[in-house]
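Worksheet: the structure to be examined is printed underneath.
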Amino acid sequence: MSDDTVCPVDRTLSLINKKWSIQIIRDLFFGKKHFKEFKEGKDISNKVLSSCLADLEENGLIEKRVLNTKPVSTEYSLTEYGKSMNRIIYEIAMFTLDDEKDKVYSEKTKEEMKENFRQTLKIDD
């Protein structure tokens with residue numbers, strides 16, 4: 001199959017196909033992160049995290065910057081291409097927050113979360 005016959009949905013999903021990719025991209029909308037910060041509150045091994053970060057960097061969604069500190073640390077941020085996923089991340093969140101059957105969050109919490117996502121992801125409705 002030639003590249004021009006690949007479904008755009010499949011192509012997009014191939015950029016973020018690792019288990020933690022969406023969460024990493026979401027976290028980077030809140031600002032730059034160091035490697036260890038991605039692990040906070042997540043059950044993810046160093047090997048899996050390293051692989052996922054490398055894939056996202058290779059796909060042009062994030063950039064890595066090695067800081068000249070002692071010890072050396074690495075900082076990650078979204079590229080402009082990565083930032084263009086803001087609407088996708090927003091819609092994923094809204095899928096649950098707009099679900100009337102979802103009883104995990106109170107209505108007040110849902111509205112607060114929606115506003116937080118709109119502001120963080122810079123979504124203009």
Side-chain angles (χ1 to χ4, degrees):
M1 186 181 310
S2 68
D3 286 345
D4 61 345
T5 61
V6 175
C7 173
V9 172
D10 292 342
R11 177 75 184 106
T12 300
L13 292 175
S14 75
L15 297 174
I16 54 173
N17 65 355
K18 296 227 176 197
K19 178 179 178 181
W20 295 96
S21 295
I22 300 261
Q23 291 92 327
I24 289 169
I25 292 167
R26 176 208 54 210
D27 290 352
L28 287 172
F29 272 103
F30 291 94
K32 297 175 183 176
K33 298 246 181 279
H34 296 274
F35 185 89
K36 65 180 180 174
E37 292 176 295
F38 288 112
K39 294 186 59 126
E40 293 172 2
K42 296 177 184 76
D43 185 24
I44 183 173
S45 70
N46 287 345
K47 182 178 177 181
V48 170
L49 178 57
S50 292
S51 175
C52 190
L53 289 167
D55 278 358
L56 291 171
E57 184 180 13
E58 183 178 318
N59 290 331
L61 296 168
I62 68 171
E63 58 188 3
K64 173 172 106 173
R65 189 170 144 224
V66 178
L67 303 175
N68 189 16
T69 58
K70 293 202 183 211
V72 172
S73 64
T74 306
E75 181 179 81
Y76 296 88
S77 60
L78 289 171
T79 62
E80 287 304 313
Y81 186 47
K83 289 176 185 174
S84 72
M85 293 197 77
N86 67 333
R87 180 57 77 170
I88 294 169
I89 302 297
Y90 178 77
E91 293 300 334
I92 289 171
M94 293 309 107
F95 180 78
T96 297
L97 293 175
D98 286 340
D99 182 3
E100 293 178 12
K101 298 181 297 272
D102 184 86
K103 302 299 181 204
V104 174
Y105 308 108
S106 70
E107 287 305 312
K108 181 180 181 209
T109 299
K110 282 184 181 186
E111 290 308 313
E112 289 171 355
M113 291 176 85
K114 285 179 182 183
E115 183 57 29
N116 187 28
F117 272 102
R118 273 192 290 275
Q119 288 178 9
T120 302
L121 299 173
K122 297 176 177 42
I123 301 294
D124 297 321
D125 284 335

message: For F95, I'd like to know if atom CZ has over 12 heavy atoms of other residues, nucleotides or ligands within 6.0 Å.
response: no
Minimal non-hydrogen separation, [X] against [Y], with atom names:
{"X": "K114", "Y": "L97", "result": "CE-O, 3.7 Å"}
{"X": "L15", "Y": "L61", "result": "O-CD1, 3.8 Å"}
{"X": "T74", "Y": "K64", "result": "CG2-CG, 3.2 Å"}
{"X": "I24", "Y": "L53", "result": "CG2-CD2, 3.9 Å"}

List the residues meeting side chain to side chain contact (heavy atoms under 4.5 Å, CB included) with [X], not counting sequence neighbours, and say none if there are none.
{"X": "K70", "value": "none"}
{"X": "E37", "value": "K33, H34, E40"}
{"X": "I92", "value": "I22, I88"}
{"X": "T96", "value": "D102, Y105"}

Nearest 0.5 Å, what's the [atom1]-[atom2] distance between [X] and [Y]?
{"X": "T109", "Y": "E107", "atom1": "OG1", "atom2": "CD", "result": "9.0 Å"}
{"X": "K83", "Y": "S77", "atom1": "NZ", "atom2": "OG", "result": "7.5 Å"}
{"X": "L67", "Y": "E75", "atom1": "CG", "atom2": "CD", "result": "5.0 Å"}
{"X": "C52", "Y": "I62", "atom1": "SG", "atom2": "CD1", "result": "7.5 Å"}
{"X": "N116", "Y": "E111", "atom1": "CG", "atom2": "CD", "result": "12.5 Å"}
{"X": "I123", "Y": "I89", "atom1": "CD1", "atom2": "CD1", "result": "10.0 Å"}

task: Mind checking ring pair (Phe, Tyr, Trp, His ring centres under 6.0 Å) for F29 and listing every partner two or more places apart, or none if nothing turns up?
output: none
Results of ring pair (Phe, Tyr, Trp, His ring centres under 6.0 Å) for Y76 - residues two or more places apart only: F38
- request: If a pair satisfies salt bridge (Lys or Arg N to Asp or Glu O under 4.0 Å) and one of its residues is in residues 6-16, list it, with sequence neighbours excluded.
  value: none
message: Give me each pair satisfying side chain to side chain donor-acceptor pair (under 3.5 Å) with a member in residues 18-29, each pair once, sequence neighbours excluded.
response: K18-S51, K18-D55, D27-K42
query: Is there a donor-acceptor pair closer than 3.5 Å between any side-chain N or O of K39 and the backbone N or O of I44?
result: yes
Excluding sequence neighbours, so at least two apart, what forms salt bridge (Lys or Arg N to Asp or Glu O under 4.0 Å) with [X]?
{"X": "K108", "result": "E112"}
{"X": "E57", "result": "none"}
{"X": "E100", "result": "none"}

query: In the hydrophobic cluster built from side-chain contacts under 4.5 Å, what are the other members alongside V66?
result: V72
query: Under a 4.5 Å cut-off applied to non-hydrogen side-chain atoms, are N46 and F35 in contact?
result: yes
